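Okay, so here's the structure we're looking at.
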Amino acid sequence: MSPGPRNMLTSLDDVVDALFDLPETHYGNVIDESSEHVQFELGATVMLLAMPSLWQDTERLVGMIDLMITPPVLILLGAEEDFLELPELSALKLWCLTLPMAEQRLRANMPELARLCATEDTTAQDHFWANRLKYELQELMSISRAISSERDRDRLLDLILEKARYITGADAGSVYVMEEPDEPDSPPRLRFKITHNESVRADFTEFTIPVSRKSIVGNAVLRKESINIPDLYRLRPDNPWGVTHDRTWDEKMGYESHSMLTVPMINQRDYVIGVIQLINKKRKPKARLRSARDFEELVIPFDKRSEELAMALASQAGVSLENALLYREVQNLFDGFVKASVRAIESRDPTTSGHSQRVAELTVDLAQKVDRLGDGPLAKVAFSPEQLKELEYASLLHDFGKVGVREEVLVKAKKLYHPQRDLILQRFDYIRKTKEAEVLAAKVSLLTGADRDEAMARIEALDETLASELAKVDEVQSFLLKTNEPTVLDSSGFEALDEIARLEYSAWNGEVLPWVTPEEVKALRIPRGSLTDEEREQINSHVTHTYQFLKLIPWTRVLQDVPRIAWMHHEKLDGKGYPRGVAAEEIPIQSRMMTISDIFDALTASDRPYKKAVPTQKALQILGWEVEEGKCDPDLFKIFVEAEVYKKVSTA
């Protein structure tokens, strides 16, 4: 019988697959590939297989070769007519293979190509490894910079796993993080935090496992050394680690976990704080493992160099993870301090409970809305996560200086302090009793010094006079109590207070005293609200107290503007704000945002002793008036309304 037809190779993929089947190149490794080229590593030699679309563009081909660590053996693939004009690449070892071609022809040519690769001299080998080590060092340094600059723990873990898979050619992997035990006698646990898989989409759910020798990751933690298993499916029962491979997950996902490299991440104190576990090193890094044949032909063990690179990365990752955890602890410390400070503020003035938190939510939400704008006057305004945290802290602490304001002023709900009001009521009771005593004395005098009929007539007149005077006392007291309420006082109210200020009574020692003292009249003459000018100055001073307090805190570099942002939240664009009355250009945009949020929440907050809650639409109208008067930022107010930022907290 005549032999059957040979397999024909018609594409770049066919040639690469055939190379893996040949004895001379079976242990080669694909290090880069695209539809136009494949870089195939065989020992110290790199073969570059190129299709016509690449090699006929000489400039682009030379550019790619210049970026390679060592000059390759160039294998040009193409149809017969593609080779009518070859590029000028005389400095390179060049082969031409015409497609389609019989696989047997490739087999016949491979011994000569293998001999060419084998005759690379020692100098070329040294050059290759020097360049390889230089390349790997550059990659590790680049990775080190990337993971060292990341402070968010979850993003850092994701980055660590991504880079570990990249430098080792792993198809999949996971990261575990050590957790301290809840109870002193409980064993430490590992939390499964991050997983990647290029070939299958895996459901991800965090879980924990105890650190023990029953698991591979537990072994790596306890041994503080890497564990490199060539093939889990061929793992002997008497393996050095005493572990078994549970195929439950593989069977569920239609996946096969063969080669596995598990590397502990160790911090500066020689504690294991996490584990990187890499699965299935691939011959072709970009290949997808779909079928049983893929796992059989494309998965190889993690070699010694991959293990060394993974360990180097894990060492740096351990330090970076430790730094990220310390950063999170500092963040938690600041969060705790800020929350405690807010509680201290609210404990002094319970009627404003929740105000600082609501202002922070409104301000940060407004900043996020502005950050997403693509056009308009605020399009160039952007906030990093750190700047948003800075704004949140400034908003939460914007009223902290109220701890430096006298409590009686801080919680003053009426124009008069409670002791002042009580003293007036006691004084008016004394005035009533004095008038009654005077009338009783007059009656006694009449009854003892005149005839009965005349006395009775005059006593009746005295009773009428007393009733009239007591009614006047009641009327004045009622007026004063009404005036004590923090409402707007019209002009007639001021005139009535002037008349009352002239009323006098006789004390027990004969001293003539006013019904209402000058200090009390001054308080009752407050035209709006409940504070005198001096008391309002004390309240306004809380901004300066806030700044002076916040300046004492050693804020981190990314939070250093917290004091300044909080300091200016009562400044106005027209220069008539406080405490300094600065010009508009000196007010940071963060403070402008906080101003809008602060005014809105102060207006819409639940009823306070000195004011009623204002409905949302009325509050927005009042803010609109502030904008029209040039006090608040019109562009920010527009976003506050149109993006419905106010709904973040408003229920009115």
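Each residue takes its place number in the sequence, starting with 1. Computed from a predicted structure; not experimentally measured.
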State which residues pass ring pair (Phe, Tyr, Trp, His ring centres under 6.0 Å) with [X]; sequence neighbours excluded, sorted by chain then number.
X	value
Phe192	Tyr176, Phe204, Phe207
Phe302	none
Phe637	none

Between [X] and [Y], is there a donor-acceptor pair closer than 3.5 Å when you use the side chain of the first and the backbone of the second?
X	Y	result
Lys551	Pro563	no
Asn267	Tyr271	yes
Lys631	Asp574	no
Gln548	His545	no
Arg213	Trp241	no
Arg592	Ile587	yes

Quick check for you: to the nearest 0.5 Å, what is the distance between [X] atom [atom1] and [Y] atom [atom2]?
X	Y	atom1	atom2	answer
Ile279	Ile229	CD1	CD1	10.5 Å
Phe640	Thr363	CZ	OG1	8.0 Å
Ser259	Asp303	OG	CG	10.0 Å
Ile227	Leu261	CD1	CG	9.5 Å
Asp399	Ser356	CG	OG	5.0 Å
Met253	Ser199	CE	OG	11.0 Å

Next on the checklist: Whether Arg191 and Glu179 form a salt bridge (side-chain N of Lys/Arg under 4.0 Å from carboxylate O of Asp/Glu) is what I want to check.
Outcome noted: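 Arg191 and Glu179: salt-bridged.
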Next on the checklist: Between Lys389 and Glu392 (salt bridge meaning N to carboxylate O under 4.0 Å), is one present in this structure?
Outcome noted: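 Between Glu392 and Lys389 there is a salt bridge, with a charged N closer than 4.0 Å to a carboxylate O.
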Are the side chains of [Y] and [X] in contact, using a 4.5 Å heavy-atom criterion?
X	Y	answer
Leu232	Ile216	yes
Tyr166	Leu309	no
Phe600	Ile622	no
Ile553	Phe549	yes

Keeping to residues at least two apart or across chains, list the salt bridge (charged side-chain N to carboxylate O under 4.0 Å, His left out) pairs with something in [range].
range	result
residues 366-376	Asp365-Lys369
residues 240-266	none
residues 635-644	Glu644-Lys647
residues 217-229	Arg223-Glu225, Lys224-Asp270

Checklist entry - Under the salt bridge (charged side-chain N to carboxylate O under 4.0 Å, His left out) test, which residues partner Glu361, sequence neighbours left out? => result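 None.
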Next on the checklist: Are there over 12 heavy-atom neighbours, none belonging to Arg288, within less than 6.0 Å of that residue's CZ?
Outcome noted: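 Yes.
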Checklist entry - What side chain to side chain donor-acceptor pair (under 3.5 Å) pairs are there with at least one residue in residues 331-340, not counting sequence neighbours? => result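 Non-adjacent pairs meeting side chain to side chain donor-acceptor pair (under 3.5 Å): Gln331-Tyr393, Asp335-Tyr393.
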Item to check | Within residues 560-573 or reaching into it, pairs that qualify as side chain to side chain donor-acceptor pair (under 3.5 Å) - sequence neighbours excluded | outcome: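 For residues 560-573: His570-Tyr578, Lys572-Glu626.
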Checklist entry - For Glu33, which residues count as a side chain to side chain contact (heavy atoms under 4.5 Å, CB included) partner, sequence neighbours excluded? => result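 For Glu33, the residues satisfying side chain to side chain contact (heavy atoms under 4.5 Å, CB included) (neighbours in sequence not counted) are Val30, Val38, Lys284, Lys286.
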Item to check | Contacts of type side-chain hydrogen bond (donor to acceptor under 3.5 Å, both in side chains), residue Gln621, not counting sequence neighbours | outcome: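 Listed in chain order: Lys618.
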Next on the checklist: Ring centres under 6.0 Å, that's the criterion: do His542 and His398 meet it?
Outcome noted: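 No, the ring of His542 stays outside the 6.0 Å limit from the ring of His398, centre to centre.
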